[in-house]
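Worksheet: one structure, shown below.
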Amino acid sequence: MLIRTVRMTFQPNKADEFLEIFNSSKKMIRNFPGCTHLELWQDYHQKNIFTTFSHWEDEEALNNYRDSELFRSTWKKTKALFQEKPVAHSQKKSQEVTP
């Protein structure tokens, strides 16, 4: 499994516009082949900073999504709203600590 996080800082007056884009595409992204989990996080103090947190079966599944028309059209609308360059990381779980 590949875990992908993308931290995005939007122009303060564009956060609501981003949420509209995300809400209109989130089910299609979540149902894209190879995506097994999708969350959107909002920074606790800075309301214009969001992070997507997604699980993908593997790197190939993520790349297939990134090469799709769904990604291209969604990303084109999203990137026009940025205040800063987004920061993306691909990770894998190393350990899980339980009580």
Side-chain angles (χ1 to χ4, degrees):
M1 174 181 44
L2 182 147
I3 300 168
R4 181 76 165 183
T5 56
V6 182
R7 180 181 167 97
M8 301 168 286
T9 303
F10 294 97
Q11 300 167 47
N13 62 336
K14 299 294 185 179
D16 288 340
E17 192 173 337
F18 164 68
L19 286 172
E20 289 176 19
I21 294 166
F22 183 81
N23 287 328
S24 69
S25 60
K26 65 186 179 185
K27 288 185 180 182
M28 291 181 287
I29 296 168
R30 174 55 187 88
N31 290 313
F32 196 87
C35 181
T36 61
H37 184 85
L38 177 63
E39 294 181 23
L40 179 66
W41 302 339
Q42 185 176 28
D43 188 274
Y44 195 81
H45 296 287
Q46 295 177 280
K47 304 300 183 191
N48 63 316
I49 299 176
F50 292 86
T51 300
T52 56
F53 175 80
S54 56
H55 293 182
W56 297 86
E57 290 176 357
D58 53 28
E59 189 171 20
E60 182 179 1
L62 174 62
N63 287 336
N64 287 340
Y65 167 66
R66 293 180 69 210
D67 290 336
S68 72
E69 181 57 35
L70 172 59
F71 175 80
R72 283 191 294 274
S73 64
T74 304
W75 193 246
K76 181 180 180 180
K77 292 182 268 186
T78 301
K79 73 179 183 177
L81 309 176
F82 289 145
Q83 179 174 311
E84 298 176 14
K85 185 177 178 179
V87 178
H89 296 280
S90 293
Q91 302 148 120
K92 63 181 180 178
K93 186 187 297 187
S94 176
Q95 296 181 24
E96 182 172 341
V97 181
T98 58

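All figures in this text were calculated on a predicted structure; none of them were measured in a lab.
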Worksheet item: Is the NZ or CZ atom of K47 positioned over F50's six-membered ring, under 6.0 angstrom from the centre and within 45° of the axis?
Response: no
Fill in: Atom of E57, atom of T36 and distance for their closest heavy-atom approach
CG-CG2, 4.0 Å
Worksheet item: Which class fits the ring pair W41 and F53: parallel under 30°, tilted 30 to 60°, perpendicular over 60°?
Response: parallel
Worksheet item: Do T52 and R7 touch side chain to side chain, with heavy atoms closer than 4.5 Å?
Response: no
Distance-only criterion, 3.5 Å: show the donor-acceptor pairs between side-chain atoms of residues 15-23 and protein atoms not counting sequence neighbours.
residue, atom, partner, partner atom, Å
N23, OD1, K26, NZ, 3.1
N23, ND2, L19, O, 3.1

Practice prompt. Ignoring hydrogens and angles, tell me if any N or O in the side chain of K27 forms a donor-acceptor pair with the backbone of S24 under 3.5 Å.
Written response: no
Discussion item. Taking transitive links into account, so neighbours of neighbours count too, which hydrophobic residues share a cluster with I49 at under 4.5 Å side-chain distance?
Written reply: none
Response to the item:
In this structure, CG of L38 is separated from CZ of F32 (nearest 0.5 Å) by 13.0 Å
Worksheet item: For P33 and A61, which heavy atoms make the closest approach, and how far apart are they?
Response: O-CB, 4.3 Å
With a cut-off of 3.5 Å and sequence neighbours excluded, list every side-chain donor-acceptor pair involving residues 74-90.
residue, atom, partner, partner atom, Å
T74, OG1, L70, O, 2.8
T78, OG1, T74, O, 2.8
S90, OG, R4, NH1, 2.7

Practice prompt. Enter the distance from M1:CE to H37:NE2 here, rounded to the nearest 0.5 Å.
Written response: 9.5 Å
Fill in: More than 12 heavy atoms from other groups under 6.0 Å of CD on E39
yes
Worksheet item: Quick one: do I3 and L40 end up in the same hydrophobic cluster if we chain Ile, Leu, Val, Met, Phe, Trp and Tyr together by side-chain heavy atoms under 4.5 Å apart?
Response: no
Item to complete: Take Q42 and N48 through the side chain to side chain contact (heavy atoms under 4.5 Å, CB included) test and state the conclusion after the steps.
Response: CA-CA 8 Å; Q42 185 176 28; N48 63 316; over 6 Å; no
Worksheet item: Hey, does C35 have a side-chain heavy atom less than 4.5 Å from the side chain of Y65?
Response: no
Practice prompt. Evaluate side chain to side chain contact (heavy atoms under 4.5 Å, CB included) for L62 paired with L2, printing each intermediate quantity in order.
Written response: CA-CA 8 Å; L62 174 62; L2 182 147; 3.7 Å; yes
